[in-house]
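The block underneath contains the structure these notes are about, expressed in structure tokens.
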Amino acid sequence: MRLGPPAEGPSRQRGRSSVLEDGGSSTLTALLRLLPPETAHTVGFWLIRVAGGVPGGVCVLRRLFAPCDPELRVRALGLDFPGPLGLAAGFDKDGHGAVALAALGFGFVEVGTVTARPQPGNPQPRMFRFPAERALVNRMGFNNEGAAALSARLRSLAWPRPVIGVNIGKTKAVPEDEAVADYVTSAHLVADAADYVVVNVSSPNTPGLRDLQAVEKLRPLLVAVRAALDEASPRRRVPLLVKIAPDLADEDIDAVAFMAVDLGLDGIIATNTTISREGLHDSAAVADAGPGGMSGAPLKARALEVLRRLHARTGDRLVLVAAGGIETADDAWDRLAAGATLLQAYTAFIYSGPLWPHRVQAELARRIRRDGQPGDTNA
Ligand SMILES: Cc1cc2nc3c(=O)[nH]c(=O)nc-3n(C[C@H](O)[C@H](O)[C@H](O)COP(=O)(O)O)c2cc1C
């Protein structure tokens, strides 16, 4: 599950352009910063979709920015990833732009969180910037069009398509004692459309959701989702992962890790956002933002700690997907060296602009060529 060129197949060498890098990208990011955060997200995402929607647009973007260095390729979860860095869940909740987003340089895209029933999420404002700390606080509350709509959209995509994972959560209106059935409904709906499925029990913005991380609740939930995926997709085993919060106590992280191995789960995503505000210095802005999950740079240290702990408990028996505060090629390197096979980010994409995934993966490839694979003792 390490990075590197597969034994077979010629390496793809393509001409790359740096013309569009930095200048246009950073101007766009600066302009979007003038808008309220959720509006900026809507406009920025719309522009990405428009660029991908013009005839030949995705081909051009892919040619310029998609990862093509054989050193970056990853084989994991039975899938081929052109690069280890993916877009984390939450940016493209309803799968409207996965192809264009991958063409910008992400090695894969996780869409969702979707829920069994469509829901509006929390009232706005529900996303807040902390630019000095390169952090965000959000309490979106799983605003989404529902698992059925997402599934239909993904199934309509032309092949070949990028690796697309689907992240599922609990419908807010469903009582906690019906949570398993609600996840099972979503799993049935998305099984055919997803390259892998993630059970999200770690977002802080759906009341009671994070209580499902307790192993006595998590075990039956994961068993039921596994069965639903197998039933809905009898010919292809859909990989199943669970996404955990950085706020779990260390014993609870261990318990999830052991249970995941025991159940034959395919992987763990560590981590979601945190309810902590450690690292945010403007206490008035923190109070104004109110409740929600914090992401970005202040999450980096804890997310790395959780990853290291998981790796110490599970070794290579699970695919570990690192998320939380990844901003630079060095951050990517550190997570891979700590045992991650794949990486995800969201907040750095917001702060650093649309060409950020391309830049980080290009820099990571250069470092691998210079220093060897992350995790190698001589690297
Ligand atoms: C605005 C926003 C919305 C998010 N929505 C979701 C979501 O729907 N499901 C989910 O699993 N994670 C969601 N996340 C968490 C991210 O997927 C990621 O785990 C977290 O932000 C840490 O990564 P980062 O520091 O690179 O942003 C969201 C994050 C942000 C900033």
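In listed order, ligands and their atoms are each counted from 1. Computation of the quantities below employed the complete heavy-atom set of this structure, encompassing side-chain atoms and omitting hydrogens, waters and symmetry-equivalent molecules.
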Inset, instruction - Kindly determine whether F45 and H96 satisfy ring-ring contact (aromatic ring centres under 6.0 Å, His included), including the steps that lead there. - result: CA-CA 9 Å; F45 189 23; H96 285 287; 7.3 Å; no

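Proximity to N167 (heavy-atom distance under 4.0 Å) selects the following atoms of ligand 1: 10 (C), 11 (O). Taking every non-hydrogen atom of M127 and a distance limit under 4.0 Å, the qualifying atoms of ligand 1 come out as 1 (C). Within ligand 1, the atoms closer than 4.0 Å to a non-hydrogen atom of T273 are 15 (C), 20 (C), 21 (O), numbered from 1 in the order shown. For ligand 1, the atoms lying closer than 4.0 Å to a non-hydrogen atom of A345 are 26 (O). Close approach to G325 involves these atoms of ligand 1, each under 4.0 Å from a residue heavy atom: 24 (P), 25 (O), 26 (O). Which parts of ligand 1 touch T271 is read off a 4.0 Å heavy-atom cut-off, strictly below it: atoms 19 (O), 22 (C).
Heavy atoms from other residues, nucleotides or ligands lying under 6.0 Å from NZ of K300 number more than 12.
Residue N138 has no nitrogen or oxygen atom sitting less than 3.5 Å from a nitrogen or oxygen atom of ligand 1, judged on distance alone. In terms of N/O distances under 3.5 Å, ligand 1 is not approached by L136. Where the criterion is an N or O separation shorter than 3.5 Å, residue side chain and backbone included, A89 meets it with respect to ligand 1. For ligand 1, the polar-atom distance check against T347 finds a nitrogen or oxygen pair separated by under 3.5 Å.
Scanning the protein heavy atoms around atom 15 (C) of ligand 1, the nearest turns out to be N272 OD1, 3.4 Å. Among protein heavy atoms, atom 4 (C) of ligand 1 sits closest to G90 CA, 3.7 Å. Looking from atom 9 (N) of ligand 1 to the surrounding protein, the closest heavy atom is T113 OG1, 2.6 Å. Annotation: atom 8 (O) of ligand 1 to nearest protein heavy atom, K93 NZ, 2.9 Å. Scanning the protein heavy atoms around atom 21 (O) of ligand 1, the nearest turns out to be S295 CB, 3.2 Å. The shortest contact between atom 23 (O) of ligand 1 and any protein heavy atom is with G324 N, 3.4 Å.
Ligand 1 is never approached by V198 to a heavy-atom distance shorter than 4.0 Å. Remark: distances from the non-hydrogen atoms of G296 to ligand 1 include one below 4.0 Å.
Without hydrogens or angle criteria, S186 side chain to A116 main chain gives a donor-acceptor distance under 3.5 Å. Listed for the R153 side chain is a donor-acceptor partner under 3.5 Å among the backbone atoms of D94. In this structure, N205 contributes its side chain and N138 its backbone to a donor-acceptor pair below 3.5 Å. Checked by atom type and distance alone, the side chain of S151 never pairs as donor or acceptor with a backbone atom of A147 at under 3.5 Å. The backbone N or O of K93 sits nowhere less than 3.5 Å from a side-chain atom of N144 that would complete a donor-acceptor pair.
For the side chain to side chain donor-acceptor pair (under 3.5 Å) with E305, the qualifying choice from R309, R302, R308 is R302, the only one to do so.
Taking each of M140, H41, K243, E38 in turn, the one with a heavy atom nearest to atom 10 (C) of ligand 1 proves to be K243. Nearest to atom 3 (C) of ligand 1 by heavy-atom distance, out of F128, F142, Y346, Y351, is Y346.
Counting heavy atoms from C-beta on, the side chains of L104 and I48 come closer than 4.5 Å.
Pairs passing the ring pair (Phe, Tyr, Trp, His ring centres under 6.0 Å) check and including a residue from residues 137-195, sequence neighbours excluded, do not occur.
A donor atom on one side chain and an acceptor atom on the other are not found under 3.5 Å apart for Y351 and E327.
Taking Ile, Leu, Val, Met, Phe, Trp and Tyr as hydrophobic and joining them when side-chain heavy atoms fall under 4.5 Å apart, one finds F128 in a cluster with F130, V137, L280, V286, M294.
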